[in-house]
K.L.:
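First, the structure itself, so that you have it in front of you.
Bear in mind the structure is a predicted one, so any value in this text is a computation, not a measurement. Order of the sequence lines sets the chain letters (A, B, ...), proteins ahead of strands, with each chain counted from 1.
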Protein chains: 2
Amino acid sequence: MSMSFYTADSLKAELHERGWRLTPQREIILDIFQNLAAGRHLSAEELCELLQKEGHDISLSTIYRTVKLMARMGILRELELAEDHKHYEINQPHHHHHHLICVRCNQTIEFKNDSVLKIGDKTSKKEGYHLLDCQLTIHAVCPACQRSILPV
Amino acid sequence: MSMSFYTADSLKAELHERGWRLTPQREIILDIFQNLAAGRHLSAEELCELLQKEGHDISLSTIYRTVKLMARMGILRELELAEDHKHYEINQPHHHHHHLICVRCNQTIEFKNDSVLKIGDKTSKKEGYHLLDCQLTIHAVCPACQRSILPV
DNA sequence: AATTTAAAAGAGAGTTATTCTCAACAAGCT
DNA sequence: AGCTTGTTGAGAATAACTCTCTTTTAAATT
Ligand SMILES: [Zn+2]
Ligand SMILES: [Zn+2]
Ligand SMILES: [Zn+2]
Ligand SMILES: [Zn+2]
């Protein structure tokens, strides 16, 4: 699994390894995710608003490019919740969690489970893959929706 | 977990329970997925092409509506692979599998792991949710992409 | 078998998250 | 300081998916 904490310098080093550059935008976005409350995740739009609130005008194009880049580097987790857009959060194995989603009302519960990461480690190692992240997504019907007779 | 095999009759019964109807379109689409090779999954577009090849003209609207409906009933699994669209396959616990995806080239390996379903069962039961499906998605870098110096 | 009612299908427009394009800019090397 | 090339920003383009509305039809009722 990738390292659990990135500084501007370690990000710079890892970018340079691949011939890429550390820009102020990338540094600021990394900083936002580093300082996000545990368990909080942002969509591209939410990240854009948060950046503006803090006085940083970074274009949506750059935001989309940066979170995708960081996800592919293993710095961010790309979460597919039951919505029509992606969420991102910093990738720290210690705070690893997974999602239990109601397919009717989309209510989502986060839960932890240590064996999931072990399965991910074992499986990727066996195939020679370099693990970045693993996510268990459970689709189910929540208690409230089980009681309701309403369609969907 | 839901039943592992649906006939037209059992689908009809389950639809009627909720005041819904069994249409020829729904029956045909169920049949397609029942007869799909194990491990094969279809996008909405792919399903549409396959239906046309077999002489069934079902509109894309209906296809999108039907796979979404069947996923919410637990009949189909909705897979979020590393592409820009969803895939569907029949939901049979016996053939349950999960996905190891290269974030650079999107190559996907399917693998089985019995404990994943157990974790899903335990977690949903604990929260009072009715389990429909659970999927472990591993994001990683494949051996070929580890060797390549190319960006992305 | 005919009637009735509401669910579902089909066609196409509409939505929107995300990607693409390209000119202007700037990080980092010499 | 100058050069090379990766990156940004703005907006257009893309495409998966949903919505709207009219027509059709499943299936319950008479
Ligand atoms: Zn989360
Ligand atoms: Zn619910
Ligand atoms: Zn599969
Ligand atoms: Zn690869």
K.L.:
Whole-Å distance between dG28(C) P and Leu15(A) CG?
P.N.:
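Between P of dG28(C) and CG of Leu15(A): 9 Å.
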K.L.:
Name the closest nucleotide to the Arg21(B) side chain, picking from dA7(C), dC20(C), dA26(C).
P.N.:
dA7(C)
K.L.:
Which is more 5' along DNA chain D, the nucleotide nearest Asp84(B) or the one nearest Pro24(B)? Just name the residue.
P.N.:
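Of the two residues, Asp84(B) wins.
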K.L.:
Please check if any side-chain donor atom of Glu110(B) sits under 3.5 Å from a side-chain acceptor atom of His41(B), or the reverse.
P.N.:
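Yes, side-chain donor-acceptor contact under 3.5 Å.
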K.L.:
Verify whether one side chain among His96(B) and His94(B) offers a donor that lies under 3.5 Å from an acceptor in the other.
P.N.:
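Side-chain D/A pair, His96(B) to His94(B): absent.
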K.L.:
Distance check needed: dT5(C) C1' versus His16(B) NE2, whole Å only.
P.N.:
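Value for this atom pair: 14 Å.
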K.L.:
Reading DNA chain D 5' to 3', which nucleotide is the first, and which the last, to come under 4.0 Å of any heavy atom in chain B?
P.N.:
dA16(D) to dA28(D)
K.L.:
Can you tell me the distance, in whole Å, between the CD1 atom of Ile58(A) and the P atom of dA26(C)?
P.N.:
14 Å
K.L.:
What is the separation between atom OH on Tyr88(A) and atom P on dA17(C), rounded to the nearest whole Å?
P.N.:
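My rounded result for the distance is 13 Å.
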K.L.:
Can you tell me if the side-chain N/O atoms of His85(A) get under 4.0 Å from OP1 or OP2 in dT18(C)?
P.N.:
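Looking at the OP1 and OP2 atoms of dT18(C), neither is under 4.0 Å from any side-chain N or O of His85(A).
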K.L.:
Applying side chain to side chain donor-acceptor pair (under 3.5 Å), run through His97(B) and His95(B) and close with a yes or a no.
P.N.:
CA-CA 6 Å; His97(B) 59 269; His95(B) 296 100; over 6 Å; no
K.L.:
Give a yes/no on whether any side-chain N or O of Thr23(B) is located under 4.0 angstrom from OP1 or OP2 of dA8(C).
P.N.:
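No.
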K.L.:
For DNA chain D, whose closest nucleotide is more 5', that of Tyr64(B) or that of Asp57(A)?
P.N.:
Asp57(A)
K.L.:
So what does Arg65(B) hit on the nucleic acid, given a heavy-atom distance under 4.0 Å: a base, only sugar-phosphate, or nothing?
P.N.:
base
K.L.:
Atom CD of Glu17(A) and atom C1' of dG28(C): how far apart are they, to the nearest Å?
P.N.:
17 Å
K.L.:
Trp20(B) has an atom CH2; how far is it from atom C1' of dT5(C), in whole Å?
P.N.:
18 Å
K.L.:
With no hydrogens and no angle check, just 3.5 Å: does a side-chain donor-acceptor pair link Tyr6(A) and Gln34(A)?
P.N.:
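Side chains of Tyr6(A) and Gln34(A): no pair found under 3.5 Å.
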K.L.:
Figure out the CD/C1' separation between Glu27(A) and dA27(C), and round it to whole Å.
P.N.:
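From Glu27(A) CD to dA27(C) C1': 12 Å.
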K.L.:
So Ser61(A), base contact, sugar-phosphate only, or nothing? Heavy-atom distance under 4.0 Å.
P.N.:
base
K.L.:
Consider only side-chain N and O atoms of Thr7(B) and Asp9(B), and report whether a donor and an acceptor are under 3.5 Å apart.
P.N.:
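There is no such pair (donor and acceptor under 3.5 Å, judged by atom type) between the side chains of Thr7(B) and Asp9(B).
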K.L.:
Salt bridge check: are Glu78(B) and Lys68(B) linked by an N-O gap of less than 4.0 Å?
P.N.:
yes
K.L.:
If we ignore angles and hydrogens, is there a donor and acceptor under 3.5 Å between the side chains of Asp133(B) and Gln135(B)?
P.N.:
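Present: a donor and an acceptor within the cut-off.
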K.L.:
May I ask you to say what Leu60(A) touches in the nucleic acid, namely base, sugar-phosphate or nothing, with a heavy-atom cut-off under 4.0 Å?
P.N.:
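The answer is nothing, as Leu60(A) stays clear of every strand by at least 4.0 Å.
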K.L.:
Taking 4.0 Å as the cut-off, does a side-chain nitrogen or oxygen of Gln25(A) come that near to OP1 or OP2 on dA26(C)?
P.N.:
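No, because none of the side-chain N or O atoms of Gln25(A) sits under 4.0 Å from OP1 or OP2 of dA26(C).
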K.L.:
Starting at atom CD1 of Ile63(A), determine the distance to atom C1' of dC20(C), rounded to an integer number of angstrom.
P.N.:
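That distance rounds to 17 Å.
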